[in-house]
2 protein chains.
Amino acid sequence: MRHCTLPNEGLLERMKARGLRLTGQRKILAELLETAEEHLDAESVYQLAKAKDETIHRATVYRTLNKLKKLGLVDELDLMHVSGERHFYEIRPSTLHIHLVCTTCKRVDEPDEAFWDDLKRRVENENGFRPEVVRVEMAGVCAACLRKRARRP
Amino acid sequence: MRHCTLPNEGLLERMKARGLRLTGQRKILAELLETAEEHLDAESVYQLAKAKDETIHRATVYRTLNKLKKLGLVDELDLMHVSGERHFYEIRPSTLHIHLVCTTCKRVDEPDEAFWDDLKRRVENENGFRPEVVRVEMAGVCAACLRKRARRP
DNA sequence: CTAACTGCAAACCTTTTGCATTGAC
DNA sequence: GTCAATGCAAAAGGTTTGCAGTTAG
């Protein structure tokens with residue numbers, strides 16, 4: 001299991017391939033999204049970007065995130081509102097997102113994708129629906145918090 | 001498979017059980033949420049409510065939806081942004097939500113929950129995570145649109 | 001060169017809040 | 001009667017847009 005660190009090489013390349021111009025601002029934003037250790041909302045992206053380039057503007061962040069979203073290079077998540085109303089952005093890792101959100105410590109983990117094929121096959125067979133992008137979000141209690149809870153009940 | 005019509009008796013009763021006062025406005029809102037044929041966003045809820053009671057105010061709709069959300073009686077969904085940025089509300093059917101969103105016709109279906117136990121058991125065994133609320137959203141092509149596509153390729 | 005992109009500021013839209021009043025229990 | 005809930009209006013918050021200047025390709 002990994003903790004939200006996708007070694008997702010080549011967002012910039014994929015942006016270029018889709019015809020986007022690789023401006024300085026976009027290079028910063030792409031790098032931020034690629035190396036993020038946690039899910040970022042628009043404001044966090046803006047703050048981190050501003051730390052690297054004082055002149056970057058909120059509007060640019062919004063415009064870029066929207067563009068990436070429309071191209072399907074980035075996805076917007078609410079993580080079941082466990083952390084309030086914020087919306088988070090992440091590079092689209094594949095066609096599958098699985099997020100385990102701990103309601104106790106707010107940590108988000110992304111488990112391995114072992115059951116993806118089962119899930120997809122079942123939906124295709126039983127419902128005639130052909131899944132293209134799948135999002136699975138579970139809110140619950142993570143292993144660490146379960147252990148803590150067991151120690152101090 | 002059903003089409004987003006949950007015979008979900010008793011939202012009002014559950015509200016009362018949680019200590020909420022059953023005002024005229026809340027009765028209208030509860031009925032709307034219970035009988036909705038499709039997922040409603042806040043503005044739609046407001047418009048439908050206004051049709052039944054001219055004096056009802058947006059603030060009341062927001063306050064009520066928030067209250068229901070915090071109590072876990074209602075959930076907020078983005079349905080993978082297939083229909084833009086709108087957020088939808090639905091009565092929490094159980095701890096499990098499965099939505100199949102067709103990217104072609106925008107229809108949302110909710111399949112039967114046969115694989116729920118598998119999914120939960122696997123996450124619990126493989127990741128030590130205890131799921132409490134599970135949301136599965138799939139964007140793809142529904143059976144009807146696949147058939148249409150097959151006829152006119 | 002030129003179309004795409006940016007910064008800026010204003011506009012926009014959705015949601016929240018303070019306050020006086022109303023109404024459920 | 002009391003406290004929660006409402007309507008109203010104003011504020012807040014987050015996001016988008018028009019425009020003029022800049023820059024990647």
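Treat the numbers as computed from the prediction; the structure is a model and nothing was measured. The figures here come from the full heavy-atom set of this structure, side chains too, leaving out hydrogens, waters and symmetry mates.
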Exercise for the section: Indicate yes or no: at least one non-hydrogen side-chain atom of A:I91 is less than 4.5 angstrom from one of A:R14. Expected result: yes
In this structure, how many angstroms lie between the [atom2] atom of [N] and the [atom1] atom of [X], rounded?
{"X": "A:K50", "N": "C:dT6", "atom1": "NZ", "atom2": "P", "result": "17 Å"}
{"X": "B:Q47", "N": "C:dT14", "atom1": "CD", "atom2": "C1'", "result": "13 Å"}
{"X": "B:I56", "N": "D:dA5", "atom1": "CD1", "atom2": "C1'", "result": "12 Å"}
{"X": "B:R18", "N": "D:dA5", "atom1": "CZ", "atom2": "C1'", "result": "18 Å"}
{"X": "A:I28", "N": "C:dC5", "atom1": "CD1", "atom2": "C1'", "result": "14 Å"}
{"X": "B:L65", "N": "D:dA5", "atom1": "CG", "atom2": "P", "result": "14 Å"}
{"X": "A:Q25", "N": "C:dA4", "atom1": "CD", "atom2": "P", "result": "17 Å"}
{"X": "A:K70", "N": "C:dA4", "atom1": "NZ", "atom2": "C1'", "result": "15 Å"}

Problem - Residues A:H97, A:E90; criterion side-chain hydrogen bond (donor to acceptor under 3.5 Å, both in side chains); working and verdict - result: CA-CA 10 Å; A:H97 309 243; A:E90 70 169 11; 2.5 Å; yes
Identify the heavy atoms of [X] and [Y] that sit nearest to each other, and give their distance.
{"X": "B:H57", "Y": "B:Y46", "answer": "C-CE1, 3.9 Å"}
{"X": "B:K27", "Y": "B:L22", "answer": "CE-O, 3.6 Å"}
{"X": "B:C102", "Y": "B:V141", "answer": "SG-CA, 4.1 Å"}
{"X": "B:F129", "Y": "A:M138", "answer": "CZ-O, 3.7 Å"}

Measure all distances between protein nitrogen or oxygen atoms and nitrogen or oxygen atoms of nucleotides 10-15 of chain D, and list the pairs falling under 3.5 Å.
from: D:dT15; atom 1: OP2; to: A:Y62; atom 2: OH; distance (Å): 2.2

Exercise for the section: Can you establish whether the number of heavy atoms outside B:K70 located under 6.0 Å from its atom NZ is more than 12? Expected result: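 Atom NZ in B:K70 is not packed in, count stays at 12 or less.
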Practice task
Determine the contact category for A:R26: base if any of its heavy atoms lies under 4.0 Å from a base atom, sugar-phosphate if only primed atoms, P, OP1 or OP2 are that close, otherwise nothing.
Solution key: sugar-phosphate
Practice task
Answer with base, sugar-phosphate or nothing: what part of the nucleic acid does B:K27 contact at a heavy-atom distance below 4.0 Å?
Solution key: nothing
Practice task
Considering just the side-chain nitrogens and oxygens of B:K67, establish if one lies under 4.0 Å of OP1 or OP2 belonging to D:dA4.
Solution key: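 Checking D:dA4 against B:K67, no side-chain N or O comes under 4.0 Å of OP1 or OP2.
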Practice task
Decide ring pair (Phe, Tyr, Trp, His ring centres under 6.0 Å) for A:H87 and B:H87; before the verdict, give the C-alpha distance in whole Å, the side-chain angles of both, and the deciding distance to 0.1 Å.
Solution key: CA-CA 12 Å; A:H87 287 189; B:H87 288 189; 4.8 Å; yes
When you compare the protein's N or O atoms with those of nucleotides 23-25 of chain D, which come within less than 3.5 Å of each other, and at what distance?
from: D:dA24; atom 1: N3; to: A:R21; atom 2: NH1; distance (Å): 3.0
from: D:dG25; atom 1: OP1; to: A:L22; atom 2: N; distance (Å): 3.2

Handout entry: Nearest-nucleotide pick for B:T64, side chain only, options being D:dT6, D:dT17, D:dC8
Key =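 Of D:dT6, D:dT17, D:dC8, D:dT6 is nearest to the side chain of B:T64.
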Problem - Which nucleotide in D:dC19, D:dC8, C:dC5 has an atom nearest any side-chain atom of B:R63 - result: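 Nucleotide nearest to B:R63's side chain: D:dC8.
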Completion exercise
Hits for side-chain contact (heavy atoms from CB on, under 4.5 Å) against B:H81, two or more places apart or cross-chain, chain-then-number order -> A:E76, A:R135, B:D78, B:E85
